[in-house]
2 protein chains.
Amino acid sequence: MQTLAKSKSEPSFLDAITGPGEVKKLKPAQLVELAREIRQEIIFNLNKTGGHLASNLGVVEITLALHHVFETPKDCILWDVGHQAYIHKMLTGRRNKFSTLRQYQGLSGFISPQESEHDAFVAGHSSTSVSLAVGMAIAKDHLKEQRKIIALIGDGGLTGGMALEALNHLGHIQKNVLIILNDNDMSISENVGGYSQYMKRIKETYFYKDIKKKIDWIEDKLDMVPLDPKLMNLITSVKQVAKDKLENPGIVFEKLGINYSGPIDGHDVEAVINALNKVKDLEAPHILHLITRKGKGFTPAEEDSIKYHGVKAHSLEPTLKEKIEAKDPDSNINKGLTYSHVFTDALIECAELEPNMVAITPATAEGSGLVKFGKAYPERFFDVAICEQHAVTMAAGMAKMGLKPVVSIYSTFLQRALDQVIHDVAIMNLPVIFGIDRGGLVEDGETHQGQFDLAFLRSIPNFTVLAPKDAIELRQMVYSALRNLNGPVAIRFPREKAEDGYLENGIACDFKEIDYKSWQVLKQGKSNKVILACGAMIAPALQAANELDAKINDGVTVINARSIKPLDTKMLQALANEYKDNLHLLTIEEGTSSGGFGSAVLEWASECENRVRVSVMGLPDRFIQHGDRNLLLQEVGLTRKAIVEKLS
Amino acid sequence: MQTLAKSKSEPSFLDAITGPGEVKKLKPAQLVELAREIRQEIIFNLNKTGGHLASNLGVVEITLALHHVFETPKDCILWDVGHQAYIHKMLTGRRNKFSTLRQYQGLSGFISPQESEHDAFVAGHSSTSVSLAVGMAIAKDHLKEQRKIIALIGDGGLTGGMALEALNHLGHIQKNVLIILNDNDMSISENVGGYSQYMKRIKETYFYKDIKKKIDWIEDKLDMVPLDPKLMNLITSVKQVAKDKLENPGIVFEKLGINYSGPIDGHDVEAVINALNKVKDLEAPHILHLITRKGKGFTPAEEDSIKYHGVKAHSLEPTLKEKIEAKDPDSNINKGLTYSHVFTDALIECAELEPNMVAITPATAEGSGLVKFGKAYPERFFDVAICEQHAVTMAAGMAKMGLKPVVSIYSTFLQRALDQVIHDVAIMNLPVIFGIDRGGLVEDGETHQGQFDLAFLRSIPNFTVLAPKDAIELRQMVYSALRNLNGPVAIRFPREKAEDGYLENGIACDFKEIDYKSWQVLKQGKSNKVILACGAMIAPALQAANELDAKINDGVTVINARSIKPLDTKMLQALANEYKDNLHLLTIEEGTSSGGFGSAVLEWASECENRVRVSVMGLPDRFIQHGDRNLLLQEVGLTRKAIVEKLS
């Protein structure tokens with residue numbers, strides 16, 4: 001780290017930045033130097049804290065240009081997703097807190113109005129910024145305020161349905177919104193069409209071939225005709241206009257009623273500033289198309305690394321890069337073998353046994369580990385971009401035709417497709433498997449906490465909702481579900497390391513069909529106290545039960561309630577019969593207590609002839625901050641200790 | 001009805017249609033006659049049963065052409081929304097059941113695979129057909145089946161985010177899907193941009209002005225140059241190609257990688273058949289753009305009514321039209337004053353008191369009665385097209401800037417925006433009011449039953465979820481919520497007539513602030529039995545309680561649990577204290593019992609120091625068919641009678 005440390009002691013523009021106002025004073029050349037310092041500091045910091053490296057290195061110049069031209073908080077900058085706002089945070093008074101990034105009670109890894117008035121709106125999920133901008137532009141006009149509303153969105157985010165809904169509406173109402181399209185080819189898996197794809201495809205369309213053929217023909221003819229140079233230039237310029245328009249996505253936006261300029265180099269800070277100044281006073285909606293590169297200024301492969309004085313740094317990069325990427329929230333490297341990996345590996349092995357099984361992901365192939373499946377079975381793998389609604393309904397169409405689609409999706413992203421799950425999958429009771437990753441608490445914070453999935457899924461008819469207690473059970477659930485698929489099955493697992501014992505000499509256990517709708521007694525006690533725990537809560541439940549053996553005569557029973565829906569009512573009734581009116585159930589889930597697994601057990605108990613006492617432990621009815629998952633579990637009281645207290 | 005009755009006794013092509021195969025045998029001229037007969041029969045039938053008149057009259061020729069060219073069920077026709085498939089039903093063996101349309105246990109008003117193998121997939125909500133088609137096309141290729149997948153979608157449906165997600169993906173994977181764009185200007189409120197809007201807007205864009213200016217300039221110059229006619233023609237044709245492409249939406253689709261043909265007249269059956277034959281064997285994705293008119297062949301205003309032998313019919317139309325529209329499910333005329341009207345009228349009156357209140361609807365201005373608000377306050381009314389996600393997040397942006405947005409949305413359509421409700425509204429606890437119409441059971445069937453809203457909304461932090469017992473309470477809730485708005489408030493009401501007593505000499509009662517988070521004792525009993533009812537279940541609860549007075553000593557108490565979230569725990573605790581360990585609560589809601597209001601009360605009871613017995617009445621854990629709401633309520637056991645039995 002020596003070199004980086006040394007670089008920090010050099011005279012620094014960054015040190016002089018106390019607020020966004022300072023950025024305005026700098027000349028382009030100075031901004032280029034500032035950009036270099038920022039990149040070094042980001043790399044330096046993320047090496048300690050971890051975080052989204054590549055996406056932030058990609059927007060250094062854009063962020064500087066935005067703060068050079070606009071004035072937050074008066075002007076509103078809406079960062080789509082919001083994980084690329086580190087530089088914005090550094091420039092708006094949060095640089096000194098940077099060492100606490102993504103730590104419990106530290107700086108959020110996403111945009112957060114609670115942190116700063118310069119953060120215009122909360123963000124975390126993709127494709128919301130244009131809708132927010134439209135709403136804010138309408139509001140400022142209604143309130144007669146003078147502000148500029150700027151929505152920054154990536155080419156990946158633009159594939160999201162709601163972003164397209166917003167563009168269509170914006171084009172219609174013609175409000176004063178500036179959209180910055182941050183176009184880098186890496187925001188979605190390479191096998192998915194982002195806007196850049198159009199430029200390749202357009203050459204294949206009728207229109208292009210047709211008009212090009214005819215223009216060429218005319219040219220040949222005109223060569224034979226004496227025309228004054230001025231006219232020839234004009235014809236050339238007409239062709240250029242047409243060509244430019246055809247080869248960038250501009251016309252799509254102009255069709256929508258949104259004027260377009262670009263594409264320009266998003267890493268040329270002076271060019272971006274000039275482009276922003278050109279459009280900043282327009283009253284009509286405008287989209288400025290910037291081409292950027294994720295990880296800009298970091299990888300040795302970067303063609304302009306020298307310009308960034310990276311030479312010395314490069315010697316550090318191999319190890320440094322590894323370290324930082326190891327902490328990238330979208331990477332699982334630091335987590336060793338995760339549930340995501342176990343899920344993907346099971347799919348790959350099952351693919352051989354189930355020729356009609358296909359896998360679908362809405363742009364989370366990396367995070368969910370599904371990339372590996374895509375390599376093994378490219379023709380049976382579908383990354384549909386950031387399109388959760390389409391992913392689910394497409395899967396329903398596949399299932400209706402006889403395939404066995406598996407939708408791999410994060411818990412909070414599934415919220416984007418509730419209607420499709422109900423309307424297109426559940427009503428016809430179609431055989432679709434949902435592999436729900438990131439179920440429960442994660443370090444990312446409010447927007448990413450998988451706290452609602454159990455509650456909303458269990459109220460949907462025809463659904464089976466499962467939560468495996470460990471990696472082996474996850475593996476067997478995937479296999480068993482595929483073997484006996486006759487309706488929708490959701491398998492929900494945490495963003496966690498799969499505990500040891502899963503692999504033996506690097507090989508996972510054999511597939512075995514399990515009756516996952518039946519619960520399992522993991523620890524038999526003789527007292528009236530029975531713990532019904534699901535998923536990741538099994539471990540603390542067992543620890544607590546063992547600790548309680550000393551305190552409670554005859555000990556506590558622990559049951560693996562692996563099926564949240566349906567409940568194992570046979571086992572429940574047997575317990576009720578055994579303990580007469582004296583049964584005390586404690587349900588534990590890493591999901592909201594409002595309508596979740598616990599309330600399902602309460603519903604059963606309310607119908608039970610015997611009196612059954614039910615206590616519910618789960619996530620509270622509030623949003624939960626970011627930070628280490630274990631700290632969060634302590635905060636909400638889902639720990640061995642809390643369970644012991646509850647039953648003591 | 002004389003004329004129509006008579007027309008039915010004439011020799012009929014329709015009578016000869018036993019299945020779609022028969023349609024193939026007919027010549028264009030005969031199909032024109034068949035179309036006339038179909039329109040008469042539809043008008044004749046809908047006059048009895050009610051139903052979607054206009055949208056079905058608009059697709060008569062398209063439906064005939066589709067069955068003339070393709071072969072269902074081998075080929076799959078996916079009807080977006082599915083309420084325009086009456087003709088399809090008539091041609092596929094369901095004509096004889098037509099008198100049962102939309103009746104309990106009769107023909108569904110929507111597409112329904114349970115009814116016929118010719119219905120490829122369930123439909124009810126908009127914008128799903130392209131996603132389904134992509135999934136089915138992938139499946140048929142994987143299974144090596146020879147079928148054609150056809151997605152029919154309207155210009156309104158195409159504004160829905162998921163349809164755009166699907167187009168983008170289809171353009172990328174280049175699967176064999178034929179999209180029929182049924183472009184009529186009426187599918188969404190006139191003040192919203194559909195695809196037709198682009199054709200108007202495009203003329204205002206840089207590109208168009210720019211290239212047009214230059215082309216004109218060249219022309220002038222070329223006039224001065226002697227060019228052979230062949231070349232002049234070619235130049236003209238190039239201009240034509242460019243002009244055509246610029247003035248229809250084709251290039252947008254071609255940019256997406258989907259080839260385009262059209263627009264053509266969707267009421268010229270021969271032209272449609274020829275167009276379909278041209279594209280039916282293409283392997284690449286293709287979109288065929290048809291221009292149609294809703295209500296075609298019915299309104300006197302129709303320019304080609306004579307061609308449809310409508311003259312005699314026209315004499316009947318004024319009354320006939322009224323009758324049929326009175327039964328159109330999207331109309332409230334037959335329901336007199338509805339909750340929807342009461343809600344809208346309250347908004348209009350509040351708009352004067354709350355200058356920063358604005359109203360938003362996702363293309364349901366007519367059904368929700370909000371059209372009236374739009375006329376009263378055009379600059380404060382926003383119909384965003386079929387874009388539920390955008391509607392909610394736009395509202396969040398407005399609220400963040402200081403407005404008081406009211407989102408008027410149907411219960412099942414809100415399922416489209418769950419993530420936006422959580423991520424953009426609830427996390428920041430923003431003051432947005434949701435007027436949730438069609439809460440509970442409706443006559444439309446599975447896809448439209450508002451059975452999940454209470455369950456998923458009450459598990460979202462920061463939300464207040466209300467259900468008024470009558471029109472007056474709805475009115476006061478709207479007023480009170482706007483007056484004290486400091487977070488999201490959902491007001492959920494049924495698709496029902498507002499009971500009498502709401503208006504006095506046509507004037508509604510004065511606004512009065514109510515503390516809607518507190519429940520109300522409507523009937524005080526002295527027994528330990530207490531009914532907690534919400535919304536439309538209050539009425540049967542009171543009837544049951546009165547009937548029970550004879551059977552139960554000291555009578556039953558009935559409480560208006562108007563706040564589903566938060567619960568009135570003060571009142572609940574008071575009851576628990578009063579009856580010690582002998583309290584018996586019966587909760588009644590017109591929503592799913594799995595995670596709904598009843599389970600919220602169970603959760604409270606599980607924490608209560610006293611023993612409280614809770615019984616839950618609500619909708620069962622299954623989907624519910626179409627038919628008269630009262631018949632459906634009997635089917636699911638939400639009636640006075642059922643309540644009496646439960647407590648006897």
Side-chain angles (χ1 to χ4, degrees), chain A residues 122 125 128 131-132 134-136 139 159 161-162 164-166 168-169 172 193 198 201 205 207 210-211 214 221 231 238 241 245 252 254-255 257 384 387 389-390 393-394 397-398 401 403 415-416 418-419 423 427-428 446-447 455-456 459 461 592 594-595 599 602-603 606 614 616 621-623, chain B residues 122 125 128 131-132 134-136 139 159 161-162 164-166 168-169 172 193 198 201 205 207 210-211 214 221 231 238 241 245 252 254-255 257 384 387 389-390 393-394 397-398 401 403 415-416 418-419 423 427-428 446-447 455-456 459 461 592 594-595 599 602-603 606 614 616 621-623:
Chain A
V122 73
H125 289 186
T128 65
S131 289
L132 291 172
V134 172
M136 289 181 158
T159 60
M162 72 178 297
L164 298 165
E165 291 178 347
N168 185 26
H169 187 222
H172 172 64
Y198 305 153
R201 291 204 294 267
T205 62
F207 180 28
D210 192 10
I211 201 162
K214 289 182 173 170
K221 288 288 177 191
L231 176 55
V238 172
V241 173
K245 293 295 177 180
V252 173
E254 298 203 333
K255 271 279 185 192
V384 299
C387 301
Q389 301 186 100
H390 169 59
T393 298
M394 182 181 86
M398 291 169 155
M401 296 280 280
L403 298 189
Q415 293 163 182
R416 282 270 169 104
L418 174 66
D419 188 54
H423 183 278
I427 287 181
M428 292 179 67
E446 285 90 340
T447 55
F456 70 73
S459 64
T592 181
S594 304
S599 68
L602 281 165
E603 288 160 19
S606 74
V614 181
V616 175
D621 182 29
R622 62 173 174 80
F623 291 100
Chain B
V122 72
H125 289 186
T128 65
S131 289
L132 291 172
V134 172
M136 289 182 158
T159 61
M162 73 179 296
L164 298 165
E165 291 178 348
N168 184 27
H169 186 222
H172 172 64
Y198 306 153
R201 291 203 294 268
T205 61
F207 180 29
D210 191 10
I211 201 162
K214 289 181 173 171
K221 288 288 178 192
L231 177 55
V238 172
V241 173
K245 292 296 178 179
V252 173
E254 298 204 334
K255 272 278 186 194
V384 299
C387 302
Q389 301 186 98
H390 169 59
T393 298
M394 182 180 86
M398 291 168 154
M401 296 280 279
L403 299 189
Q415 293 164 184
R416 283 267 170 105
L418 173 66
D419 188 55
H423 182 278
I427 287 180
M428 292 179 68
E446 285 91 341
T447 54
F456 70 74
S459 64
T592 180
S594 305
S599 68
L602 282 165
E603 289 161 19
S606 74
V614 182
V616 175
D621 183 29
R622 62 175 173 80
F623 291 101

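Atoms considered below: every heavy atom in the structure, side chains included; atoms not considered: hydrogens, waters and symmetry mates. Numbers restart at 1 for each chain; the letters A, B, ... are given by sequence-line order, proteins then strands.
Using a distance-only test at 3.5 Å, with no hydrogens or angles considered, no donor-acceptor pair links the side chain of H125(A) to the main chain of D419(B).
Contact between G397(B) and L132(A) at its shortest, heavy atoms only, is N-CD2, 3.8 Å. Between S459(A) and S594(B), the shortest heavy-atom contact is CB-O, 3.1 Å.
Using a 4.5 Å cut-off between heavy atoms, T592(B) touches chain A through its side chain atoms alone. Heavy atoms closer than 4.5 Å to chain B are found in both the backbone and the side chain of M136(A). Both the backbone and the side chain of F623(A) come within contact range of chain B, each with at least one heavy atom under 4.5 Å from a heavy atom of that chain. Using a 4.5 Å cut-off between heavy atoms, V122(A) contacts chain B through both its backbone and its side chain.
With sequence neighbours left out, E165(A) forms a side chain to side chain donor-acceptor pair (under 3.5 Å) with no residue at all. Applying the salt bridge (charged side-chain N to carboxylate O under 4.0 Å, His left out) rule to E603(B) yields the partners R458(B); only residues at least two apart in sequence or on another chain are considered.
Between the CE atom of M162(B) and the CZ atom of R416(A) there is a distance of 13.5 Å, given to the nearest 0.5 Å. Here the CD-CD distance, from Q389(B) to Q389(A), works out to 4.0 Å after rounding to the nearest 0.5 Å. Interatomic distance, NE2 of H423(A) versus OG1 of T447(B), reported as 4.5 Å (0.5 Å rounding).
Top candidate by heavy-atom pairs under 4.5 Å with chain A, chosen from V614(B), T128(B), I427(B), L403(B), is I427(B). Of all the listed residues (G135(A), P461(A), G161(A)), the one sharing the greatest number of non-hydrogen pairs under 4.5 Å with chain B is P461(A).
A side-chain donor from one of S131(A) and H390(B) sits under 3.5 Å from a side-chain acceptor of the other.
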